[in-house]
J.: 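This is the structure, below, for whatever I ask next.
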Amino acid sequence: MPGAGSAAGRSAGPDPGYALEPGGDPAAPAPLGVPRTSTGDADVDARLQRLADADHLATDGHVEVYEDVHRGLRDALTALDTRPGPPVPVPPYRHRS
């Protein structure tokens with residue numbers, strides 16, 4: 001069928017899968033509805049939950065939230081490298097005479 005799948009074959013207009021609420025502003029902040037699954041680490045979970053703050057901000061406010069979350073997650077990963085591991089076993093003393 002000629003024009004199928006091309007720009008000429010599609011009608012211009014809003015995406016049929018997108019429904020704007022009556023009186024809604026398409027540029028207004030809106031929650032993305034992305035689920036956040038618990039990781040089991042309270043610090044990491046708190047950082048991921050902070051991403052929800054971006055749902056209520058205009059797009060230009062997202063960068064601050066994303067950078068804050070990124071910094072916190074990076075710090076959490078860095079902390080894993082600085083935690084002391086289990087003690088190294090000391091070999092038994094062998095007395096030779």
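Note that these values count all heavy atoms, side chains included, but never hydrogens, waters or copies made by symmetry. Remember, predicted model here, so these are calculated numbers, not experimental data.
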J.: Only counting residues at least two apart or in another chain, list the ones meeting side chain to side chain contact (heavy atoms under 4.5 Å, CB included) with E64.
T.: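 Side chain to side chain contact (heavy atoms under 4.5 Å, CB included) list for E64, sorted by chain: empty.
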J.: List the residues meeting side-chain hydrogen bond (donor to acceptor under 3.5 Å, both in side chains) with T37, not counting sequence neighbours, and say none if there are none.
T.: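 By the side-chain hydrogen bond (donor to acceptor under 3.5 Å, both in side chains) rule, T37 matches no residue at all.
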J.: Does a sphere of radius 6.0 Å around NE2 in H56 hold more than 12 heavy atoms from other residues, nucleotides or ligands, not counting ones at 6.0 Å or beyond?
T.: yes
J.: Should side-chain heavy atoms under 4.5 Å link Ile, Leu, Val, Met, Phe, Trp and Tyr, which residues sit in the same cluster as V44?
T.: L48, L51, L57, V65, Y66, V69, L73
J.: Which residues pass the side-chain hydrogen bond (donor to acceptor under 3.5 Å, both in side chains) test with R71, not counting sequence neighbours?
T.: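 None.
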J.: Measure the spacing between CD of E67 and CZ of R74 and express it to the nearest 0.5 Å.
T.: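 These two atoms lie 9.5 Å from each other.
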J.: Quick one: side-chain hydrogen bond (donor to acceptor under 3.5 Å, both in side chains) partners of D55, sequence neighbours excluded?
T.: none
J.: With side chains defined as the heavy atoms from C-beta onward, is the minimum distance between R36 and D45 less than 4.5 Å?
T.: no
